[in-house]
*Asks:* 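Shown below is the structure under consideration.
A, B, ... follow the sequence lines: proteins, then strands. Residue 1 opens every chain. Please read these numbers as outputs of a predicted model, since none were measured by experiment.
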Amino acid sequence: MDFIEVERKWQKKWSDTRLYSFDKSKVDHKKYVLEMFSYPSGAKLHAGHWYNYGPSDSYARFLRMQGYEVFQPMGFDAFGLPAENYAVKTGVHPQDSTLKNIDTMEKQLRAMGASFDWDYEIKTCMPDYYRWTQWIFLQLYRKGLAYRKQAPVNWCTSCNTVLANEQVVDGCCERCGATVVRKNLTQWFFKITDYAEELLQGLDKLDWPEKTKAMQRHWIGKSTGGEIRFACENGESFSVFTTRADTAYGVSYVVLAPEHPLVGRLVTDDCRAAVQAYQTECAKTSEIERLSTTREKTGVFTGAYCINPVNGKRVPIWIGDYVLASYGTGAVMGVPAHDERDYDFALRYDLPITRVVRAADGSNDALPYTQYGVLVNSGACDGMTSEQAKTAIVQTLAERGDGKATTNYRLRDWLISRQRYWGCPIPIVHCDHCGEVPVPEDQLPVQLPYDVDFTPDGKSPLLKSEAFMQTTCPKCGRPARRDPDTLDTFVCSSWYYLRYPDAHNDKQAFDPQWINRMLPVDKYIGGAEHACMHLLYARFFTKALRDLGYLDFDEPFLSLVHQGTILGPDGFKMSKSRGNVISPDDYISKHGSDAFRMYLMFGFSYIEGGPWNTGALDSIVKFLERVERFVVRAVKDKDKSGSYEAAEKELDYVRHSTIKRVTEDVQAFSFNTAIARLMEYVNALYQYDRDRADAYNGKFVYECTDDLILLLAPFVPHIAEELNEIAGNPYSVFQRRYPTCDETKLVKDSYELAVQVNSRMKAKIVVPAQADQAQIAQIALAHPAIVQAIGAQTVRKTIVIPKRLVNLVVG
RNA sequence: GCCGAAGUGGUGGAAUUGGCAGACGCGCCGGACUCAAAAUCCGGUGAUGGCGACAUCGUGCGGGUUCAAGUCCCGCCUUCGGCACCA
């Protein structure tokens with residue numbers, strides 16, 4: 001069989017007969033199978049794309065053959081920084097390079113033979129898509145979930161431009177090497193923190209990898225504790241957040257973040273110079289650097305003092321860069337006796353250390369002692385346990401207005417504005433008279449202008465396009481300016497799964513009634529690197545749109561699978577700079593996409609991935625040819641009328657156990673073992689053929705072979721379609737049903753089990769299926785090898801595990 | 001630094017969750033077919049010792065629990081991911 005030719009033949013037929021076109025009338029039996037869409041970065045598909053799309057397409061085909069109406073769309077996440085960088089370097093407009101890349105990738109995806117329904121294709125950079133991205137932004141804006149505030153960005157002092165984290169290398173600009181500082185800009189945010197608790201709770205009921213759920217939980221980072229208010233001597237006050245209110249009597253200083261608004265007003269004249277120098281230094285330090293554990297904790301004294309509300313003690317106010325303005329209240333209380341960081345800080349700056357907790361059981365409680373225990377040196381709270389004191393102290397403070405019990409989340413609001421060109425424009429107009437005015441929905445989309453100078457020079461590229469910027473205020477009609485920023489591309493990818501089923505709707509982002517029937521996604525497949533960002537943002541969008549009345553479900557992706565990563569042959573991530581990138585093209589043009597896909601499924605554990613190894617590809621080609629030979633032979637000998645019941649029964653057993661195990665394995669995305677089972681089945685067919693040359697039952701073998709074709713179809717779609725034709729079946733194999741296991745064929749009247757003596761393997765016995773434990777033991781004891789192994793010793797204990805083994809403990 | 005995952009023959013990887021370690025492949029060795037080679041088909045293949053039946057060892061290292069440990073517990077080592085002092 002010419003695999004290449006066969007591919008061409010069936011791809012044409014599939015396309016001509018619209019085989020994979022989704023039938024909307026069967027929505028009640030739908031399965032929405034979604035692979036994370038691609039970023040059109042390079043011109044060609046790499047091994048990773050194949051690894052994502054090939055096996056998951058096999059999964060979709062499997063569901064299709066089980067009778068589900070499968071919805072499997074494809075599209076492109078087309079806005080983003082790489083295209084813009086490429087443009088800056090080469091002068092090719094991002095739109096041109098992106099559309100060209102999409103074109104190539106689309107062709108390749110079609111050539112893969114995946115059963116995507118291209119009628120629902122999405123490109124996020126096209127106005128018919130981003131119009132609705134803007135619409136969603138406006139819905140969130142109306143609900144108060146989009147707002148502006150000052151936030152720091154990475155700023156290159158030489159290029160005068162904002163840098164993404166990935167463009168900052170060792171605190172310097174990757175382009176010019178100049179120092180990067182943090183600078184405040186007014187930025188748009190989505191208030192994802194409003195949903196922190198629900199995002200956390202919702203994880204419990206999702207069929208997602210535990211690892212991913214754990215990562216999201218950690219990212220959301222809920223901690224319960226209290227806020228304690230410290231009054232300053234200048235009359236102002238600030239609060240700290242703590243999970244250890246029980247240690248409040250041990251406070252010997254407080255530390256504010258260097259950016260804390262109070263610092264300027266608190267600092268005394270003699271400390272001002274040192275504080276300002278420290279603040280300047282901090283602005284140069286990236287957040288990642290600041291948070292490095294290997295750095296020594298530093299700080300400076302502000303000269304000011306405040307009062308610890310629990311005991312009235314006067315404590316010094318410091319600033320330190322290990323305190324982050326963005327977490328909690330931007331201020332912490334320093335309890336060196338019971339916190340390691342505080343302990344280090346106190347030692348370094350010679351601050352007092354007061355113990356207020358002892359181990360309850362008198363065990364070693366050397367300082368810093370960070371466990372819970374029993375309070376000492378804590379006034380009225382002495383003798384309480386940490387747990388009791390936490391509540392008691394917060395409560396007492398709350399009654400006096402000096403504190404409250406609170407829950408704090410690590411999760412921060414989502415910064416969505418980018419000072420970039422290649423993104424979705426923000427549909428807001430800034431009017432001198434009316435302020436922020438949303439663009440009316442009937443004026444969407446706000447088109448991204450093509451002709452824009454996007455060389456980085458300190459301004460948002462759109463700011464330089466007067467044609468874009470100049471507009472009139474939708475409210476008062478006076479001249480006004482558009483928002484010059486674009487949206488983070490994660491915004492575009494946070495709702496694409498909602499657009500797919502209604503991809504060509506030009507009246508709405510989606511028809512809610514229809515979407516509520518199509519969603520949630522039944523199986524979502526993509527890389528683990530999106531565990532926290534994309535997957536959390538998409539969940540947030542779903543919940544927000546639900547609260548806006550558009551959706552009637554809470555979670556977008558019921559079940560999630562992460563595929564592993566295919567590494568280079570050297571075991572490292574494939575990268576151009578390392579020169580270990582494997583291009584699938586050569587393999588595919590030689591052996592075809594089916595063999596390549598099956599190799600990817602067989603040679604790796606799908607969820608693990610691993611380094612590329614070529615050898616196994618040839619073995620898959622050999623296997624497929626072996627299958628073909630058998631099918632041709634079985635068709636030819638269809639009418640041979642021999643019969644040998646025992647051999648047929650045995651083959652039937654293998655046949656049905658294969659059906660059962662392949663089905664289970666595919667459902668678990670364990671493709672490598674599924675294919676191993678198929679190989680075993682083929683081996684069994686050959687063995688039958690060999691042993692039964694004299695009594696060959698042509699009809700029976702033909703039926704077994706037909707099942708083989710069906711079983712193989714999801715893995716090698718083109719070849720199976722051809723074999724289906726060779727076997728004389730009507731088109732298409734994908735309109736036939738996947739075989740189901742007949743459990744009665746799996747009933748055996750006897751089975752083999754292992755016999756151990758003192759846990760060492762000594763013999764194998766065959767026992768009747770209905771034998772009880774005593775009978776099994778009896779058969780085991782009668783076996784000559786067992787008799788010999790036991791010898792004169794006494795059997796002290798007999799362990800019988802039906803279907804597994806017998807262990808005789810002797811001595 | 002913390003969290004998570006992993007570590008199994010020459011090699012990719014299996015192992016129903018505590019029950020015959022190495023399924024299925026690759027590679028290698030041998031046989032059949034062939035004038036020959038390729039292809040194909042068949043058989044063998046963890047290590048050590050032994051002519052042999054067999055014995056001993058063996059899932060990163062060291063301990064432990066158990067009739068039984070790749071799997072569970074304790075302590076390490078290495079690799080890969082993720083997170084960044086979270087008050």
*Asks:* What is the nucleic acid contact for A/Asn683, judged by heavy atoms within less than 4.0 Å: base, sugar-phosphate only, or nothing?
*Replies:*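 Contact class for A/Asn683: sugar-phosphate only.
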*Asks:* Just to be sure I understand the rule, does A/Lys762 reach a base, reach only the sugar-phosphate, or reach nothing, if contact means heavy atoms closer than 4.0 Å?
*Replies:*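 Touches sugar-phosphate only.
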*Asks:* How is A/Gly221 classified with respect to the nucleic acid when contacts are heavy atoms under 4.0 Å: base, sugar-phosphate, or nothing?
*Replies:*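 It contacts nothing in the nucleic acid.
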*Asks:* Is A/Asn672 close enough to B/A14 that one of its side-chain N or O atoms is under 4.0 Å from OP1 or OP2 there?
*Replies:*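 Looking at the OP1 and OP2 atoms of B/A14, one of them is under 4.0 Å from a side-chain N or O of A/Asn672.
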*Asks:* Counting the atoms with a prime plus P, OP1 and OP2 as sugar-phosphate, which does A/Phe623 contact under 4.0 Å by heavy atoms, base, sugar-phosphate, or nothing?
*Replies:*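 No contact.
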*Asks:* Should the pair A/Phe241 and A/Tyr327 be assigned to parallel (<30°), tilted (30 to 60°) or perpendicular (>60°) ring geometry?
*Replies:*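 Answer is perpendicular, since the angle exceeds 60°.
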*Asks:* Hey, which of these two, A/Asn807 or A/Ala528, hits RNA chain B nearer its 5' end, going by closest nucleotide?
*Replies:*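 The residue whose closest nucleotide sits nearer the 5' end is A/Asn807.
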*Asks:* Please state the C1' separation for the pair B/U59 and B/G9 - nearest whole angstrom.
*Replies:*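 Each nucleotide's C1' atom is 10 Å from the other's.
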*Asks:* Identify whether any heavy atom of A/Gly609 sits under 4.0 Å from a base atom; if not, whether one sits that close to sugar-phosphate; answer base, sugar-phosphate or nothing.
*Replies:*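 Contact class for A/Gly609: sugar-phosphate only.
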*Asks:* Once you apply a heavy-atom cut-off of 4.0 Å, does A/Lys660 come out as touching a base, just sugar-phosphate, or nothing?
*Replies:*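 Touches nothing.
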*Asks:* Between B/C67, B/C20, B/C41, which one does the side chain of A/Lys797 approach most closely?
*Replies:*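 That would be B/C67.
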*Asks:* Ignoring backbone atoms, establish whether A/Arg629 has a side-chain N or O less than 4.0 Å from OP1 or OP2 of B/C41.
*Replies:*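 For B/C41, OP1 or OP2 has a side-chain N or O of A/Arg629 closer than 4.0 Å.
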*Asks:* Taking pairing as Watson-Crick or G-U wobble with both contacts under 3.5 Å, can you name the mate of B/G81, or confirm there isn't one?
*Replies:*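 In the structure as shown, B/G81 has B/C3 as its Watson-Crick or wobble partner.
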*Asks:* Please give the distance between the P atoms of B/U8 and B/G60 as a whole number of Å.
*Replies:*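 B/U8 and B/G60 have their P atoms separated by 6 Å.
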*Asks:* Please determine, for the side chain of A/Thr243, which listed nucleotide (B/C67, B/A87, B/A14) has the closest atom?
*Replies:*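 Nearest nucleotide to the side chain: B/A87.
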*Asks:* How should the glycosidic conformation of B/U48 be described, syn or anti, under the criterion that syn lies within 90° of 0?
*Replies:*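 That one's anti.
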*Asks:* Do A/Asn758 and A/Arg796 pass the side chain to side chain donor-acceptor pair (under 3.5 Å) test, and can you show the C-alpha distance, the side-chain angles, and the key distance before you say yes or no?
*Replies:* CA-CA 10 Å; A/Asn758 285 345; A/Arg796 311 237 176 246; over 6 Å; no
*Asks:* Is B/U66 paired to anything, Watson-Crick or G-U wobble with both distances less than 3.5 Å, and if yes, which nucleotide?
*Replies:*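 Partner of B/U66: none found under 3.5 Å.
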*Asks:* Looking only at side-chain atoms of A/Glu680, point me to the closest of B/C24, B/C26, B/C42.
*Replies:*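 Nearest to the side chain of A/Glu680 among the choices is B/C24.
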*Asks:* What's the closest nucleotide to the A/Ile799 side chain, out of B/C67, B/A87, B/C42?
*Replies:*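 From the listed options, B/C67 comes nearest.
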*Asks:* Parallel under 30°, tilted from 30 to 60°, perpendicular over 60°: which one fits the rings of A/Tyr599 and A/Phe596?
*Replies:*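 Ring orientation of A/Tyr599 relative to A/Phe596: tilted.
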*Asks:* Please determine, for the side chain of A/Met215, which listed nucleotide (B/G82, B/C42, B/C86) has the closest atom?
*Replies:*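 Of all the options, the side chain of A/Met215 is nearest to B/G82.
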*Asks:* Out of B/C20, B/C41, B/C24, which nucleotide sits closest to the side chain of A/Leu805?
*Replies:*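 Within the option list, the nearest is B/C20.
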*Asks:* What nucleotide, of B/C42, B/A23, B/G19, holds the atom closest to the side chain of A/Ile801?
*Replies:*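 It is B/G19.
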*Asks:* Write down the distance separating the C1' atoms in B/C3 and B/G12, rounded off to the nearest Å.
*Replies:*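 Straight-line distance between the two C1' atoms is 29 Å.
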*Asks:* In whole Å, measure the gap between the P atoms of B/G22 and B/U16 for me.
*Replies:*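 Their P atoms lie roughly 13 Å apart.
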*Asks:* Which whole number of Å gives the distance between the P atom of B/C83 and that of B/U66?
*Replies:*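 Nearest-Å result for B/C83 against B/U66 at atom P: 43 Å.
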*Asks:* Nearest-nucleotide wise, let me know which of A/Gln756 and A/Tyr327 is further upstream toward the 5' end of RNA chain B.
*Replies:*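 Checking each residue's closest nucleotide, the 5'-ward one belongs to A/Gln756.
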*Asks:* Partner of B/G52 by Watson-Crick or G-U wobble geometry, both contacts under 3.5 Å, or none?
*Replies:*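 Pairing partner: none.
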*Asks:* Tell me, yes or no, whether the heavy-atom count around A/Gln778 atom CD, taken from other residues, nucleotides or ligands under 6.0 Å, exceeds 12.
*Replies:*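 Atom CD in A/Gln778 is not crowded, with 12 or fewer foreign heavy atoms closer than 6.0 Å.
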*Asks:* Are the side chain of A/Gln563 and the backbone N or O of A/Gly527 linked by a donor-acceptor pair below 3.5 Å?
*Replies:*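 Between the backbone of A/Gly527 and the side chain of A/Gln563 there is a qualifying donor-acceptor contact (under 3.5 Å).
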*Asks:* Can you figure out which of B/C83, B/C20, B/C86 approaches the side chain of A/Glu752 most closely?
*Replies:*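 So the nucleotide nearest the side chain must be B/C20.
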*Asks:* Consider the side chain of A/Arg410, meaning its heavy atoms from C-beta on, and name the nucleotide among B/A23, B/A84, B/C42 that approaches it most closely.
*Replies:*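 For the A/Arg410 side chain, the nearest candidate turns out to be B/A84.
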*Asks:* Establish, with yes or no, whether the OP1 or OP2 oxygen of B/C86 is under 4.0 angstrom from a side-chain nitrogen or oxygen of A/Arg341.
*Replies:*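 True: A/Arg341 side-chain N/O within range (under 4.0 Å) of B/C86 OP1/OP2.
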*Asks:* Give me the distance, rounded to whole Å, that separates B/G75 from B/C28 when you measure between the P atoms they each carry.
*Replies:*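 Pairwise P distance, B/G75 against B/C28, rounds to 46 Å.
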*Asks:* Can A/Glu210 and A/Lys213 be counted as an ion pair, charged N to O under 4.0 angstrom?
*Replies:*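 Yes, this pair counts.
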*Asks:* Using a cut-off of less than 4.0 Å, is there contact between a side-chain N or O of A/Lys622 and OP1 or OP2 of B/C26?
*Replies:*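 So the side-chain polar atoms of A/Lys622 do come within 4.0 Å of the phosphate oxygens OP1 or OP2 of B/C26, strictly under.
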*Asks:* Is the shortest side-chain N to carboxylate O distance from A/Arg348 to A/Asp344 below 4.0 Å?
*Replies:*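 Salt bridge absent between A/Arg348 and A/Asp344.
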*Asks:* From the set B/C20, B/C41, B/A87, return the single nucleotide nearest to any side-chain atom of A/Arg626.
*Replies:*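 Shortest atom-to-atom distance from the side chain points to B/C41.
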*Asks:* Is there a Watson-Crick or G-U wobble partner for B/A87 with both distances under 3.5 Å, and if so, which one is it?
*Replies:*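 For B/A87, the partner nucleotide comes out as none, under the 3.5 Å rule.
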*Asks:* Say you pick atom C1' in B/G25 and the same atom in B/A36; how far apart are they, in whole Å?
*Replies:*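 Their C1' atoms lie roughly 30 Å apart.
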*Asks:* Between B/A5 and A/Lys211, is there an OP1 or OP2 to side-chain N/O distance shorter than 4.0 Å?
*Replies:*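 So the side chain of A/Lys211 is outside the cut-off, no N or O lying under 4.0 Å from OP1 or OP2 of B/A5.
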*Asks:* Once you apply the 3.5 Å cut-off to both distances, tell me the Watson-Crick or G-U wobble partner of B/G25, or none.
*Replies:*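 Its partner is B/U11 (Watson-Crick or G-U wobble, both distances under 3.5 Å).
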*Asks:* Say you pick atom P in B/U56 and the same atom in B/A69; how far apart are they, in whole Å?
*Replies:*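 Comparing P positions in B/U56 and B/A69 gives a spacing of 15 Å.
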*Asks:* Touch check for A/Arg661, heavy atoms < 4.0 angstrom, all strands: base, sugar-phosphate only, or nothing?
*Replies:*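 Result for A/Arg661 = nothing.
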*Asks:* Between B/U16 and A/Arg804, counting only base atoms on the nucleotide and side-chain atoms on the residue, is there a donor-acceptor pair under 3.5 Å?
*Replies:*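 Looking at the base of B/U16, it does pair with a donor or acceptor on the side chain of A/Arg804 (distance under 3.5 Å).
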